[in-house]
Amino acid sequence: MMSPVVNTYPLSNYTFGTKEPKLEKDTSVADRLARMKVNYMKEGMRLSVEAILLVQEHNHPHILLLQIGNTFCKLPGGRLKPGENEIEGLKRKLSSKLAANSQSFQPNWQVGECVAVWWRPNFETVMYPYCPPHITKPKECKKLFIVHLSEREYFAVPKNLKLLAVPLFELYDNIQVYKTPFF
């Protein structure tokens with residue numbers, strides 16, 4: 001298990017490049033929820049993981065978020081394959097979203113503590129930090145993990161996304177800007 005201490009390094013320590021776009025499978029929230037329903041009927045509850053990547057900028061902690069279009073931001077991560085290990089699945093998702101296509105530039109993802117668990121009780125956009133007691137078959141369980149970044153890394157961001165370093169104080173009470181685009 002990783003140390004509960006999270007070392008953060010200056011944003012300037014990291015190098016950023018681009019790679020081919022990662023296209024969204026759905027064009028709307030309704031399409032995403034409909035696909036989730038179909039997958040639920042085949043596979044059961046959706047399991048997803050997201051990474052909290054912290055850096056320093058102007059002597060304040062910042063969290064790295066992926067921006068889709070000009071309106072929505074989300075943590076990097078996504079849905080696990082049926083039976084997939086959470087840690088290995090998160091590493092796979094991070095590499096898909098932020099690693100270069102070259103083996104020599106693969107980040108060393110150090111997945112640490114699970115710091116939050118969110119539940120989706122129904123096929124709706126609302127998620128809770130607990131499973132409501134009357135819900136016997138939740139539709140999704142999402143876990144957020146701290147990922148300890150190395151002092152220096154190269155990140156390759158899909159051309160249709162932006163990687164933003166957002167100060168933690170901007171996240172508070174600012175849901176209209178920093179919310180997940182399709183859930």
Side-chain angles (χ1 to χ4, degrees), residues 2 6 8-9 11-29 31-33 35-36 39 46-57 61-118 120 125 127 140-168 170-171 177-183:
M2 296 283 307
V6 178
T8 58
Y9 302 101
L11 185 61
S12 59
N13 281 22
Y14 301 101
T15 306
F16 302 92
T18 61
K19 63 182 180 179
E20 290 306 308
K22 287 278 183 196
L23 302 176
E24 292 289 328
K25 293 178 183 171
D26 308 297
T27 57
S28 70
V29 174
D31 290 347
R32 184 75 163 242
L33 292 172
R35 187 168 58 86
M36 178 186 272
N39 287 340
R46 174 187 177 116
L47 299 172
S48 57
V49 289
E50 293 182 344
I52 298 172
L53 306 167
L54 294 170
V55 297
Q56 283 284 331
E57 183 73 356
H62 285 56
I63 191 165
L64 296 180
L65 296 175
L66 288 169
Q67 184 179 23
I68 300 169
N70 292 319
T71 53
F72 295 108
C73 294
K74 67 179 184 175
L75 293 168
R79 181 171 68 108
L80 296 175
K81 296 175 182 175
E84 186 175 26
N85 173 281
E86 294 169 349
I87 304 301
E88 294 308 311
L90 182 55
K91 288 178 181 181
R92 177 180 60 81
K93 285 297 192 177
L94 286 171
S95 291
S96 168
K97 298 272 185 355
L98 295 174
N101 293 332
S102 163
Q103 276 303 114
S104 59
F105 288 111
Q106 290 295 306
N108 180 19
W109 306 116
Q110 295 295 316
V111 178
E113 305 72 33
C114 177
V115 295
V117 179
W118 290 86
R120 183 183 314 281
T125 58
M127 292 189 84
E140 181 177 9
C141 177
K142 180 183 293 192
K143 294 184 179 182
L144 279 61
F145 290 87
I146 293 284
V147 174
H148 301 266
L149 293 175
S150 300
E151 190 170 356
R152 298 193 184 283
E153 290 290 358
Y154 174 81
F155 296 111
V157 182
K159 290 179 184 176
N160 61 320
L161 303 174
K162 292 179 190 172
L163 189 62
L164 303 178
V166 178
L168 289 179
E170 273 193 24
L171 294 177
V177 176
Y178 303 110
K179 64 181 175 180
T180 306
F182 293 112
F183 305 127

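As the structure is a computational prediction, the values presented were derived from the model and not from experiment. For the numbers below, each heavy atom of this structure counts, side chains included, while hydrogens, waters and symmetry mates do not.
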Criterion side-chain contact (heavy atoms from CB on, under 4.5 Å) on F16 and L163, from CA distance to verdict: CA-CA 9 Å; F16 302 92; L163 189 62; 3.6 Å; yes
Are any side-chain N or O atoms of [X] and backbone N or O atoms of [Y], one a donor and one an acceptor, separated by less than 3.5 Å?
X	Y	answer
K162	I68	no
N13	R152	no
K97	K22	no
K19	A99	yes
D26	R35	no
S150	E153	no

Roughly how far apart are [X] [atom1] and [Y] [atom2], rounded to 0.5 Å?
X	Y	atom1	atom2	result
L47	K81	CG	NZ	14.5 Å
K143	L80	NZ	CG	9.5 Å
L65	L161	CG	CG	12.0 Å
N101	E20	CG	CD	8.0 Å
L53	H62	CG	NE2	14.0 Å
C141	R120	SG	CZ	11.0 Å

side-chain contact (heavy atoms from CB on, under 4.5 Å) between I52 and V147, worked out: CA-CA 6 Å; I52 298 172; V147 174; over 6 Å; no
Side-chain heavy-atom pair [X], [Y] within 4.5 angstrom cut-off:
X	Y	answer
W109	S95	yes
E88	K93	no
L144	V117	no
R79	N39	yes
L94	P107	no

Chi angles and distances behind the side-chain contact (heavy atoms from CB on, under 4.5 Å) call for L66, L98: CA-CA 10 Å; L66 288 169; L98 295 174; 4.0 Å; yes
V55 versus L149, closest heavy-atom pair with distance: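 Looking at all heavy atoms of both residues, the closest pair is CG1-CD1, 4.0 Å.
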Nearest heavy-atom neighbours spanning P76 and L64: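 For P76 and L64, the tightest heavy-atom pair comes out as CD-O, 3.9 Å.
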NZ/NE/NH1/NH2 to OD/OE distance under 4.0 Å, E84 and R92: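 Yes, E84 and R92 are salt-bridged.
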side-chain contact (heavy atoms from CB on, under 4.5 Å) assessment of V115 paired with F145: CA-CA 6 Å; V115 295; F145 290 87; over 6 Å; no
Modelled atom types, side-chain donor and acceptor of S48 and E140, under 3.5 Å: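 Yes.
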Y14/F155 aromatic ring centres below 6.0 Å: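 Yes, ring centres under 6.0 Å apart.
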